[in-house]
Amino acid sequence: MANETNELNKVQPPAPINEQREAFDLEMLIARVLRVGVFTSAGLLAFGLILYLVQQASQAGQTGDWHTTVDYVGQHNQLYMLGNLIPALFRFEPLAFVEAGVILLILTPIMRVAASVLLFARERDLLYVGITIIVLAVLLVGWFAHLGRIKD
Amino acid sequence: MTLWLFLIIVFATSLTAGLIGALVGIGGGILIVPLLTIAFGIDIKYAVGASIVCTIATSSGAAVAYLRDHIINLRAAMFLEVATTIGAISGAFLTGILNPNFLYILFGAVMCVSAASQVFKFGEELPQGVQSDALALRLKLPSEYPDKKLGLVRYNVTRVPLGFAIMYVAGVLSGLLGIGSGPFKVMAMDSAMRMPMKVSSTTSNFMIGVTAAASAGVYLGRGDVNPLLVAPVAVGVLGGALLGSRILPNMTNRGIRKLFVPILLLIAAQMILKGFGVSFFGE
């Protein structure tokens, strides 16, 4: 085992300390941004769900069984477009909070890739700036292709 | 059963799915989809929508801690993500050309073989005698991660072209069949590129969210994301993934592999059954 480690060290000299520190700090920054996104999303989702349950409990005649309720919500769920999502949040519509939470959650991995571009740029690692931009571009192309499909 | 009880069961299962997913680097759809469709008779499209959100939640929930602990190999993640995302797009084009049932059986069998070969590595804490290949060095893939028991572990990376090819296939499968590519990502990094198990599972975990995010828009736009299902699933999975990401550093690589193999077999069994027409998986 000890020999093994020595051999590895020979193959691959350790990176200079400064370089490592800088990379680590940026990873921490990505982690922190990600954490804010994840917790905000979880908060929106939980708040929306609780708000829905409270409103449902206060409505008379809405005491159907759970399966009917789940199907009903699925079939009648109108997707808020960005323009009317924010007003719906101010009207305290429960499912608007859930949708905002879902959108934020979907954005977190994309934010992660975008932040990684910055990370590699700070390290002046042009090869990986390029690779990460390719990933980001493919992601965006995928999204626009999907959006095109939604229209028809 | 009341709505409350239903939500609590979904939440508890999601917590478990997030926990396991965070440890072995897969999205938790394997647990969520059968629960919703078989146990609760929920429409498969809502179950698949919930599964996509579940994968993203597992990935983002755990990535916070894994980035902070510097376990993820970010370069490997980005380089291999190129293969997966391009694979996913070409997979969408192949729809209708290749027979899905044949693919389910083929890749289910591949996973069984892989699981069997994993058994021989049960005693291995770290890959031994790995020499980085030229491409790995050129791409700066060899790295290090802090291990609570072993200290700072430096590791080499080999057979990069093979790993890249498996990642491409993983992407094709997720684009073509709509299944998660987590198990194939772990296998590419662990078995082909011989990276340590913790690095493989956490890096896969980081990547699955990115792959799922690429196709999440279409599910949202199509109305497959049922808010009443997705809310308890996402909150539960996030909680489970946060918990899992706290547990992983205290586990050994051996321990994670022992958890990964049965799950691999479970997924393989689901795929083979689906190939033969027994469906509880999606689409």
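Chain naming here is simple, since letters A, B, ... match the order of the sequence lines and numbering starts at 1 in each. Remember, it's a predicted structure, so these values are computed and weren't measured experimentally.
- When heavy atoms are compared at a cutoff of 4.5 Å, B/Leu7 approaches chain A solely by way of its side chain, counted from C-beta outward.
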(request) Please step through side-chain contact (heavy atoms from CB on, under 4.5 Å) for the pair B/Leu242 and A/Phe39, ending with a clear verdict. (result) CA-CA 11 Å; B/Leu242 281 171; A/Phe39 279 107; 3.8 Å; yes
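- A pairwise comparison of heavy atoms in A/Leu45 and B/Ala231 identifies O-CB, 3.9 Å as the closest pair.
- Proximity to chain A is limited to the side chain of B/Tyr46, based on heavy atoms less than 4.5 angstrom apart.
- Atom CG of residue B/Leu74 and atom CZ of residue A/Phe120 lie 4.5 Å apart, to the nearest 0.5 angstrom.
- For A/Tyr128 (side chain) and B/Leu139 (main-chain N/O), a donor-acceptor pair under 3.5 Å exists by modelled atom type.
- Nearest heavy atoms, A/Ala46 versus B/Val235: N-CG2, 3.9 Å.
- A salt bridge does not link A/Glu123 with B/Lys140: every distance from a Lys NZ or Arg NE/NH1/NH2 to an Asp or Glu carboxylate oxygen is 4.0 Å or more.
- Between atom CZ of residue B/Arg138 and atom CG of residue A/Leu127 there is a gap of 5.5 Å, rounded to the nearest 0.5 Å.
- B/Glu81 approaches A/Val135 most closely through the heavy-atom pair CG-CG1, 3.6 Å.
- Looking at A/Val113, both its backbone and its side chain come within 4.5 Å of chain B, counting heavy atoms on both sides.
- Ranked by heavy-atom pairs under 4.5 Å with chain B, the list A/Val33, A/Leu105, A/Leu44, A/Thr108 is led by A/Leu105.
- Counting all heavy atoms, side chain and backbone alike, B/Val210 lies closest to A/Leu139 at O-CD2, 3.5 Å.
- Note on B/Thr211, B/Val230, B/Thr85: by heavy-atom pairs under 4.5 Å with chain A, the leading option is B/Thr85.
- Both the backbone and the side chain of B/Phe206 come within less than 4.5 Å of a heavy atom in chain A.
- No other option in B/Gly239, B/Gly209, B/Ala57 has as many heavy-atom pairs under 4.5 Å with chain A as B/Gly209.
- Both the backbone and the side chain of A/Leu34 come within contact range of chain B, judged by heavy atoms closer than 4.5 Å.
- Distance check: A/Ile106 CD1 to B/Ile52 CD1 gives 9.0 Å after rounding to the nearest 0.5 Å.
- Distance check, rounded to the nearest 0.5 Å: CE of B/Met78 to CZ of A/Arg112 gives 8.0 Å.
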